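Structure first, then comments.
For clarity, every value in this text was computed on a predicted model and none was experimentally measured.
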Amino acid sequence: MGTETDFEVLNAVLSAEPISVDQAVTAVESDTAGAVVSFSGVVRDHDGGKAVERLSYSAHPTAHKVMSDVVAQLVAEHHGEAEQPVRIWAAHRIGMLEIGDPALVCAVAAAHRGQAFAVCSELVDRIKARVPIWKEQFFADGSVEWVGAGQ
């Protein structure tokens, strides 16, 4: 049976500063966690068969609140399911990013791996689907493409 503190959100932000898996994992680790699962969505050097040089993420003015609300809704829906605290850390970069830079980082610590994997996967999917962030890709051929701007 869960407790009133079965989920703890340590971070749910958009960041103009670099983010890292190490930062997220360190934040969620605890003596009650038998599993720490992390995700890092990293800028790659290709998309759709074209070479990518860099990209920029832009966020709607409400995106900070939406990010917080998305995580809060996930926690509310899973409240009472954990025997030990489940700790959550999530951040999405905004601004210019280079190849290899983490764009979305999430970490979840839970007593058992099944719950940690499930919560982390659901967290990533919800952030990607609901937080109004758009990606501008700059290709090696000089072309530019917006991703998510029409959604």
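Looking at heavy atoms from C-beta onward, I127 lies in side-chain contact with M67 at the 4.5 angstrom threshold. For the pair W89 and S38, the minimum side-chain heavy-atom distance is 4.5 Å or more. At least one side-chain heavy atom of V144 sits less than 4.5 Å from a side-chain heavy atom of E136. You'll find the side chain of V131 stays beyond 4.5 Å of the side chain of H92, heavy atoms only. Residues R130 and Q73 are in side-chain contact: their nearest non-hydrogen atoms beyond the backbone lie under 4.5 Å apart. Side-chain atoms of V37 and R113, non-hydrogen and from C-beta on, never get closer than 4.5 Å to each other. At least one side-chain heavy atom of E145 sits less than 4.5 Å from a side-chain heavy atom of D47. The shortest distance between side-chain heavy atoms of V108 and V28 does not fall below 4.5 Å.
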- Item | Verdict with supporting geometry, F138 and S56, side chain to side chain contact (heavy atoms under 4.5 Å, CB included) | CA-CA 8 Å; F138 298 88; S56 179; 4.1 Å; yes
- Query: How far apart are the C-alpha atoms of E98 and V43, what are their side-chain angles, what is the distance that settles it, and do they pass the side chain to side chain contact (heavy atoms under 4.5 Å, CB included) test?
  - Reply: CA-CA 7 Å; E98 301 297 325; V43 178; over 6 Å; no
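Between the CG atom in L74 and the CZ atom in R126 there is a gap of 4.5 Å [rounded to 0.5 Å]. With rounding to the nearest 0.5 Å, the separation of CZ in F139 from NE2 in H46 is 11.0 Å. In this structure, T62 OG1 and D69 CG are separated by 9.5 Å, a value rounded to the nearest 0.5 Å. Taking CD1 of I94 as the start and CD of E17 as the end, the distance is 10.0 Å to the nearest 0.5 Å. The distance from the CD atom of E83 to the OG1 atom of T32 is 11.5 Å, given to the nearest 0.5 Å. Summarising the geometry, atom CG belonging to D101 is positioned 9.5 Å from atom CD1 belonging to I19; distances are rounded to the nearest 0.5 Å.
Counting non-hydrogen atoms of neighbouring residues, nucleotides and ligands closer than 6.0 angstrom, the NZ atom of K65 reaches no more than 12 such neighbours.
Using a 4.5 Å cut-off between side-chain heavy atoms of Ile, Leu, Val, Met, Phe, Trp and Tyr, with links allowed through other members, F39 and V25 fall into different hydrophobic clusters. V119 and V71 fall within a single hydrophobic cluster, where Ile, Leu, Val, Met, Phe, Trp and Tyr are joined by side-chain heavy atoms under 4.5 Å apart, directly or via other members. No path of Ile, Leu, Val, Met, Phe, Trp and Tyr side chains, each step under 4.5 Å between heavy atoms, connects I88 with F117, placing them in separate hydrophobic clusters. Cluster annotation: L104 and V21 are assigned to distinct hydrophobic clusters (Ile/Leu/Val/Met/Phe/Trp/Tyr, side-chain heavy-atom contacts under 4.5 Å, transitive).
Between R87 and E8 there is a salt bridge, with a side-chain nitrogen of the basic residue lying less than 4.0 Å from a carboxylate oxygen of the acidic one.
In terms of heavy-atom proximity, V36 sits nearest to E29 at CG2-CG, 4.1 Å. For the pair M96 and L55, the tightest heavy-atom approach, listed with the atom from each and the gap, is SD-O, 3.3 Å. Of all heavy-atom pairs between V147 and Q137, the closest is CG2-NE2, 3.6 Å. Residues L14 and A63 come closest through the heavy atom pair CD1-CB, 3.4 Å. Across R93 and P18, no two heavy atoms sit closer than the pair NH1-CA, 3.5 Å. When all heavy atoms of E77 and E81 are compared, the pair lying nearest together is O-OE2, 3.8 Å.
Proximity of a side-chain donor or acceptor of H60 to a complementary backbone N or O of I133 within less than 3.5 Å is not detected. Looking only at distances, no side-chain donor or acceptor of H112 sits under 3.5 Å from a matching main-chain atom of G114. In this structure, the side chain of S40 does not engage the main chain of V42 through any donor-acceptor pair within 3.5 Å.
Ring geometry, F7 versus H78: the interplanar angle falls from 30° to 60°, so the pair is classed tilted.
A donor-acceptor pair shorter than 3.5 Å cannot be found between the side chains of S20 and D22.
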